[in-house]
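Residue indices begin at 1 and follow the sequence shown.
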Amino acid sequence: MRDANRKIHLFANWKMYLNFDESVALARELAQQAFSFGDESSMVLFPNALSLPAVRQEVERTPIAVGAQNFYWVERAGATGEISAEMFKAAGCEYALVGHSERRHLFKETNHDVRQKLEAALRAGLIPVLCVGETHAERQEGQTKEVLEAQLRAAFTDLAWPADRQLFIAYEPVWAVGTGEACEPAAAGEMSGLINTFVRGLMGDVSLTLLYGGSVRGGNVRDYVGLPGVQGVLVGGASTKFDSWMEIVRAVKGGVRF
Ligand code: PGA
């Protein structure tokens with residue numbers, strides 16, 4: 001069997017772009033194609049919470065997995081409107097996004113909140129996909145490295161990582177998310193190297209997979225998955241339409257180098 005770590009990971013963050021019917025329809029189209037994607041890549045869909053069980057049902061007999069976009073870190077509580085990691089797990093989720101830039105910036109999630117969520121995802125048996133990245137202003141001020149290190153330190157210091165759990169970290173510069181202005185591949189590669197070294201320094205030999213996210217399209221995806229150490233992409237806008245998502249899938253399939 002191919003080592004799961006050698007695959008190219010294609011993660012589709014549908015955000016709040018698709019309603020229930022659109023989510024189910026796209027999942028159905030992808031499920032019909034799923035066996036043609038090949039085993040060079042793995043695909044995870046992150047639909048909105050209300051559509052998730054139906055999306056999961058559509059992809060159930062395929063290699064496509066589903067994940068939570070967001071959750072609360074307490075298992076059960078008087079926490080009106082929230083959904084726990086355990087509830088997502090019970091709904092068939094395998095993965096969970098943690099610390100996405102829209103959560104950090106639109107919803108003011110702090111590094112402390114992100115840590116709570118990371119721990120909750122681990123307790124619930126979910127595979128966390130931690131997102132880190134600097135804002136435009138932080139980049140302009142030359143603070144990118146410090147910001148990334150602070151986010152990673154808060155997430156991982158003294159965290160007991162389960163030996164059998166994979167860890168995904170997506171480098172997603174905030175200014176590149178949803179803007180059409182993707183990060184220079186060389187800079188993304190440099191930051192990924194830095195993240196890799198820093199996380200290994202904090203946690204030792206964990207099963208770490210690095211992704212890039214921020215305005216990925218069919219036309220640029222190979223620039224990122226071709227970078228040393230980068231094994232996939234987290235895609236928002238271009239993952240919400242069958243044609244643009246398939247462009248990415250095909251570009252990766254055509255360009256896998258093992
Ligand atoms: P984008 O979003 O592909 O629309 O830039 C990326 C993300 O939110 O993960």
State yes or no: do [X] and [Y] share one hydrophobic cluster built from I, L, V, M, F, W and Y residues joined by side-chain heavy-atom distances below 4.5 Å, directly or via other members?
X      : Y      : answer
Phe20  : Leu26  : no
Val129 : Leu118 : no
Val225 : Val44  : no
Val55  : Phe46  : no
Met191 : Val216 : yes

Between [X] and [Y] (side chain of the first, backbone of the second, donor and acceptor by atom type, cut-off under 3.5 Å), is there such a pair?
X      : Y      : answer
Asn19  : Glu22  : yes
Arg28  : Glu58  : no
Glu94  : Ala65  : no
Tyr95  : Leu97  : no
Arg104 : Val132 : no
Glu138 : Val147 : no
Thr157 : Ala154 : no
Ser84  : Glu75  : yes
Trp14  : Ser239 : yes
Asn13  : Gln69  : no

With heavy-atom distances below 4.5 Å as the criterion, would you say the side chains of [X] and [Y] are in contact?
X      : Y      : result
Phe168 : Leu211 : yes
Leu126 : Cys93  : yes
Lys7   : Ser41  : no
Lys145 : Leu194 : yes
Val74  : Glu82  : no
Phe88  : Leu52  : yes
Val235 : Ile248 : yes
Thr110 : Asp113 : yes

More than 12 heavy atoms of other groups within 6.0 Å of [X] [atom1]:
X      : atom1 : result
His136 : NE2   : no
Gln57  : CD    : no
Asp164 : CG    : yes

Measuring from atom [atom1] of [X] to atom [atom2] of [Y], what distance do you get when rounded to the nearest 0.5 angstrom?
X      : Y      : atom1 : atom2 : answer
Glu29  : Gln33  : CD    : CD    : 8.0 Å
Thr197 : Leu152 : OG1   : CG    : 11.0 Å
Phe35  : Arg61  : CZ    : CZ    : 10.0 Å
Thr144 : Glu149 : OG1   : CD    : 11.0 Å
Ile195 : Gln151 : CD1   : CD    : 8.5 Å
Leu106 : His100 : CG    : NE2   : 9.5 Å

Show the nearest heavy-atom pair for residues [X] and [Y], with the distance to one decimal.
X      : Y      : result
Thr135 : Val174 : CA-CB, 3.9 Å
Pro128 : Val98  : CB-CG2, 4.2 Å
Gly99  : Val114 : CA-CG2, 3.8 Å
Gly229 : Leu210 : O-CB, 3.5 Å
Ile64  : Ala34  : CD1-CB, 3.8 Å
Ala176 : Tyr212 : CB-OH, 3.8 Å

>> Would you call the rings of Trp161 and Phe156 parallel, tilted or perpendicular, taking 30° and 60° as the class edges?
In response: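 Perpendicular: the ring planes of Trp161 and Phe156 meet at over 60°.
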
> Please walk me through it: do Asn220 and Asp223 pass side-chain contact (heavy atoms from CB on, under 4.5 Å)?
Replying inline: CA-CA 5 Å; Asn220 65 13; Asp223 297 340; 3.9 Å; yes

>> side-chain contact (heavy atoms from CB on, under 4.5 Å), that's the test. Do Ile169 and Leu208 meet it? Break it down for me.
In response: CA-CA 7 Å; Ile169 300 181; Leu208 170 61; 3.7 Å; yes

> Going through the distances and angles, do Met246 and Phe37 end up as a side-chain contact (heavy atoms from CB on, under 4.5 Å)?
Replying inline: CA-CA 9 Å; Met246 285 306 293; Phe37 298 159; 3.6 Å; yes

> Checking side-chain contact (heavy atoms from CB on, under 4.5 Å) against Val177, which of Ser215, Cys131, Ser101, Cys183 comes through?
Replying inline: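 Going through the options one by one, the only one that passes is Ser101.
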
>> Could you go through Phe11 and Met43, starting from their C-alpha distance and side-chain angles, then the distance that decides it, and tell me whether this counts as side-chain contact (heavy atoms from CB on, under 4.5 Å)?
In response: CA-CA 6 Å; Phe11 287 6; Met43 188 182 294; over 6 Å; no

> Charged N to carboxylate O below 4.0 Å: is that the case for Arg217 and Glu247?
Replying inline: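 Looking at Arg217 and Glu247, the cut-off is not met.
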
>> Filter on salt bridge (charged side-chain N to carboxylate O under 4.0 Å, His left out), then keep only pairs touching residues 115-137, sequence neighbours left out; what's left?
In response: Glu109-Lys117, Arg115-Glu119, Glu134-Arg139

